[in-house]
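Each remark here refers to the structure printed beneath this line.
Throughout, protein chains are lettered first and strands after them, A, B, ... in sequence-line order, and every chain is numbered starting at 1.
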Number of protein chains: 2
Amino acid sequence: MNPDLRKERDNASFKTEVLTHILDGGPTKTHRRREIESLVINDPDFHHEDLNFLSRSERYDAAVKKSALMIVKLREYGISDPEEIYCYKSCVHRGRPEPLDLHLGMFLPTLLNQATPEQQDMFFLPAWNLEIIGTYAQTEMGHGTHIRALETTATYDPSTQEFVLNSPTISSIKWWPGGLGKTSNHAVVLAQLYTQGHCHGLHAFIVPIRSMSTHEPLPGVVVGDIGPKFGFDEVDNGFLKLENVRIPRDYMLMKYSKVEPDGTYLKPPSDKLTYGTMVFIRSLIVGESARALAKSCTIAIRYSAVRHQSELRPGEPEPQILDYQTQQYKLFPLLATAYAFHFVGQYMSQTYHRITGDINQGDFSQLPELHALSAGLKAFTTWAASSGIEVCRMACGGHGYSRCSSLPDIYVTFTPTCTYEGENTVMMLQTARYLVKSYTQACEGQQVGGMVSYLSETPHHRLQPQPLSSRPTVVDISDLASLVEAYKLRAAKLVELAARSVQGELQRRKSKEEAWNSASIDLVRASDAHCHYVVVKLFCAKLGEVGDTAVHSALSSLALLYALHGIAQHSGDFLQAGLLSGPQVTQVSQRLKELLAQLRPNAVALVDAFDYRDEMLNSVLGRYDGNVYENMFDWAKKSPLNRTQVHESYHKYLKPLQAKL
Amino acid sequence: MNPDLRKERDNASFKTEVLTHILDGGPTKTHRRREIESLVINDPDFHHEDLNFLSRSERYDAAVKKSALMIVKLREYGISDPEEIYCYKSCVHRGRPEPLDLHLGMFLPTLLNQATPEQQDMFFLPAWNLEIIGTYAQTEMGHGTHIRALETTATYDPSTQEFVLNSPTISSIKWWPGGLGKTSNHAVVLAQLYTQGHCHGLHAFIVPIRSMSTHEPLPGVVVGDIGPKFGFDEVDNGFLKLENVRIPRDYMLMKYSKVEPDGTYLKPPSDKLTYGTMVFIRSLIVGESARALAKSCTIAIRYSAVRHQSELRPGEPEPQILDYQTQQYKLFPLLATAYAFHFVGQYMSQTYHRITGDINQGDFSQLPELHALSAGLKAFTTWAASSGIEVCRMACGGHGYSRCSSLPDIYVTFTPTCTYEGENTVMMLQTARYLVKSYTQACEGQQVGGMVSYLSETPHHRLQPQPLSSRPTVVDISDLASLVEAYKLRAAKLVELAARSVQGELQRRKSKEEAWNSASIDLVRASDAHCHYVVVKLFCAKLGEVGDTAVHSALSSLALLYALHGIAQHSGDFLQAGLLSGPQVTQVSQRLKELLAQLRPNAVALVDAFDYRDEMLNSVLGRYDGNVYENMFDWAKKSPLNRTQVHESYHKYLKPLQAKL
């Protein structure tokens, strides 16, 4: 092992294994996770050339191969718990998306949730055995997040008892669904249902798109790959144009809504039934944010411990770049963020399962809060993680730009989360809608609960902001509970400001929608502050569960760093709200520097605790043993351009050119 | 043309052509630029398949082909002015880097600047005629920005009158130079010169690395491509390991330093001679920041005018997404930034040429200021542009993630500027060194000049910060000159704070280097504030040169937006320094919203004025005619995965799998 890394590990003040258990949710879970990882990583069937050296078609090919193998092996091993399947799958594809993602994650669950028992008999077993390979075709070229405006139509024809599906415009072509381009032979298609001359809005239909025997596209179906993207090279995100494609009546998913043989439409009993899945996926994304950032920090911090550069003490050898304050200031707040988001992800998952229990018993009361929280936190965490990955990459200097660092790959794989499952700004505005509504209720004297209960605590009767000087400054910047309070008051202030902004616009006789739009900068800002408060609060709450003193101490420093760094980044908000004074903001800067120095000896241990195996990181810079340079050289030598000493372009262009000049 | 875009263009309040002339530097320059662009774009020899559909080896091949053609054609056309060559080259490679970049941009200039007349006779003509293809090999695996610590050695052997070049460690392998991997047969190698038992530091040597007849690597030379990167697919960034490679004595570039036949070393007359090139390249990068952001804004703003989504007024058709305040708030400040950086780039170029005149007459007095300015502005503008490109990409929703948007490509091509030619944080600290030095001089009563003259204006005698209340707030947030003043005072405040921070650390008995490191967060912040001030100041100064009233009005709004947006982002600084009051910060937010609405009708015209032809943008989303969706469909259909209806992986893996389950 690289001696620098060994020293770092020897000097850590806590046992990484203890922290790993906390992150996993207990020693048993750590054990099982490692067991599954070994199962995949030691399996020679899953070994392959570095994907970075392959063309896109080869990468897709390799992914299909691994996915097919994976299905067989999961059954052989009898792994059926969803979390364990997820773990196995992540290992097989090393955290990358794959062509069967939507079959497994959307097509099968949609059948389970929205198909009638008869439809399940018809479709589920073939889909389970991959005779039917399905995807979920919702997004169109012209519409993503705003799904109500999707244009695909399904018109019922009672004479043949069929639905006729059409893509009436170019912009109505289904666009983006994973696995649609080449892999799937069926799709759940979301389309506007027309029957008896009326449109009844979006409904889901099972549409066969390729022949079950030849895999050729069926008549009326124009299907293909949407072309190369920033990342997602392994996935055939596809397009689908439907031209008078007829499907039997019972290919509409009819567990809730129904179309009877004569074309009579029957409404679903509740419109909240599809809510749950959305909330669930957004909650998962919060955990993904933590993982993407944790991987990036692991790579950047280990490399910063191995890399030596420039001088700090004259005459002494070059220091580790991790000793530079600016490097610490880039990486340690992100490390703290990764931990914060991990705990928020755990909370979201627990809350989801708790509330799902309520929902199954007919109690929908907590769904709006969870919906608002998952939307905002999805946006808040993905934005932070997406930009954070890039900070980690650039903190590795030039080598971060090489594919061997894996950081470009982590970025392009992660950054779509800012857009999919609800575009982030739209998500923030959805959360804002809930906040403003709760604020209005609180103003009317109602007690609002959950994470927004603070809106009932603060006085709303005064319309003028109090002068700064008249507010007592009570925040203790070394006390986490006090900082949680400060974040809470900031959020309250910004929610109030946003609500007033909407009111002000309404008073200028704008329509509700226009007023909302004219206040939307303030609304996003309010949601952001609310989410920030929630994250700080949950991070602090987690500390109460940590028994090990050494780990508690390290995590407390991280939590304090997270909270103070956020204040430094948004000092204007805290100053303007009179929550902190100018000298206190200066103290925050000073305290931040002390925290960086305090965390420095534990930095490597804190990333080791994430427990990413080298095979999962796939990063030369982030290797556990720190043997960076020799492995970078080995990796480069395998690059396709080095298969011959002289590239053919020399003979084709350069040699003839020399003759010409 | 798309009717939305036509309407936007009809409604603009100014003539785009007038603004284009200002951006180009006059109608003649616009005319000539367009002439050269047409020359390339209408040339069938330069037409080729979309690079996004090719493998890396094919992309490299296509680039070498175009570069070879380009050399021939430039001579045919007699284009020899450096600016015109640059323009032609940018068109040929559509703004992408290419394998001959370092030959043209570094190898040939180094020969001109550092070779003796005899060496020029020996090397220049063969290099001009591409018999010698060269690169510039400075960076090593273990060292980038901190070049003093490079490890490659060149040891003089008087017995044979040769230098013996070696890569003594793995980390000393030359790594990253463009064109080194496959293209070049020579390299200027930077190595530690050893002669007569002494090391004399870094010197430049011409090292033949591949055979001039077969292009095979020469004995002792291990050379190749460093493997795939985030971008730069067309460039063979390479590695070079030297094992006792001998070159004749006169292959050391000896215009300044010399090694005599017996091994006697002669020092160069000045150590500032290589300063100029660095300053020049960093100044160019400021212009690159403007261009990258201008292209990205062009794509995102045009697409936002074409894309319709959701609802603003109940019952009305879906609005253009450019009508959403949050979309405007993402894009318009970046548009303003693109303009600001463009004008800063023009200023840097003019200043460089002015000061070069002085330097040629032996006057180095302004070099330190220019050096500090170019370092800081390189960092300031590349960071802003790099993150700005990603904001533009995400503002295009899912389609921004497709390679057809060109935004991923712009990002990966541009983002290395944050690292190369001096890592940004290191650059900021270099500027800080100049600022602190100037501050100290000002405190000692010396008058400091140029962009830092404000440090002589503010009183430094008091050691305690004044209480906020005692400072009169004089800033008028609608007056640009007043805002420039506010930025200046903020910079002065933060430079003072950083200098005091260093002093404070020194008083704690830290060494100079450690004190500097412990204050480095403050130092970077001071540089950032200084650069921000310079940009606001130069943008405002440019307005004075604009005669056309309509254009002046549009640019003034942009400048105001740029200045106010910066204040909103850093309101804590302005509040803490007592430059703005809380209510004023609220007014800034309000004024920003008004400016967004005010700029909205001119947004498309403001990006049209950048005058990027579709061929240069290469973006389906950013097309001038706005026909986005049909062209996206056409593009996708050409994707390699669509060459067959059924991908071979179906027969290889999926079909057999179905049989197994």
Which answer fits [X], side chain, backbone, both or neither, if we ask what part of it has an atom under 4.5 Å from a heavy atom of chain A?
| X | result |
| --- | --- |
| B:Y420 | neither |
| B:A519 | backbone |
| B:F239 | side chain |
| B:F232 | both |
| B:V628 | neither |
| B:M632 | both |
| B:L407 | neither |
| B:E58 | neither |
| B:K638 | neither |
| B:E390 | side chain |
| B:Q327 | neither |
| B:K65 | both |
| B:S511 | side chain |
| B:L523 | neither |

Query raised in the report: If you round to the nearest 0.5 Å, how far is OH of A:Y60 from CG of A:D236?
Result: 4.0 Å
So which part of [X] gets closer than 4.5 Å to some heavy atom of chain B, the side chain, the backbone, both or neither?
| X | answer |
| --- | --- |
| A:A568 | neither |
| A:V426 | neither |
| A:S67 | neither |
| A:I173 | side chain |
| A:V524 | side chain |
| A:W635 | side chain |
| A:R643 | neither |
| A:K652 | side chain |
| A:E423 | side chain |
| A:S57 | both |
| A:L596 | side chain |
| A:S501 | side chain |
| A:H308 | backbone |
| A:S571 | both |

Requested in this report: Please lay out, stage by stage, how B:H651 and B:E648 fare under the test side chain to side chain contact (heavy atoms under 4.5 Å, CB included).
Outcome: CA-CA 6 Å; B:H651 299 290; B:E648 53 179 334; 5.6 Å; no
Report task. May I ask you to name which of B:T183, B:L429, B:D522 has the most heavy-atom pairs under 4.5 Å with chain A? Result ->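 The answer is B:D522.
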Query raised in the report: Hey, which of B:A149, B:P640, B:P416, B:P126 has the most heavy atom pairs under 4.5 Å with chain A?
Result: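 Among B:A149, B:P640, B:P416, B:P126, the one with the most close pairs to chain A is B:P416.
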**Report entry** B:K512: partners by salt bridge (Lys or Arg N to Asp or Glu O under 4.0 Å), with sequence neighbours left out
**Finding:**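 Here no residue qualifies.
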Which heavy atom of [X] sits nearest a heavy atom of [Y], and at what distance?
| X | Y | result |
| --- | --- | --- |
| A:Y324 | A:E311 | OH-N, 3.4 Å |
| B:M394 | A:S386 | CE-OG, 3.9 Å |
| B:R210 | B:H215 | NH1-O, 2.8 Å |
| A:V223 | A:G181 | CG2-O, 4.1 Å |
| B:L580 | B:L575 | O-CD2, 3.5 Å |

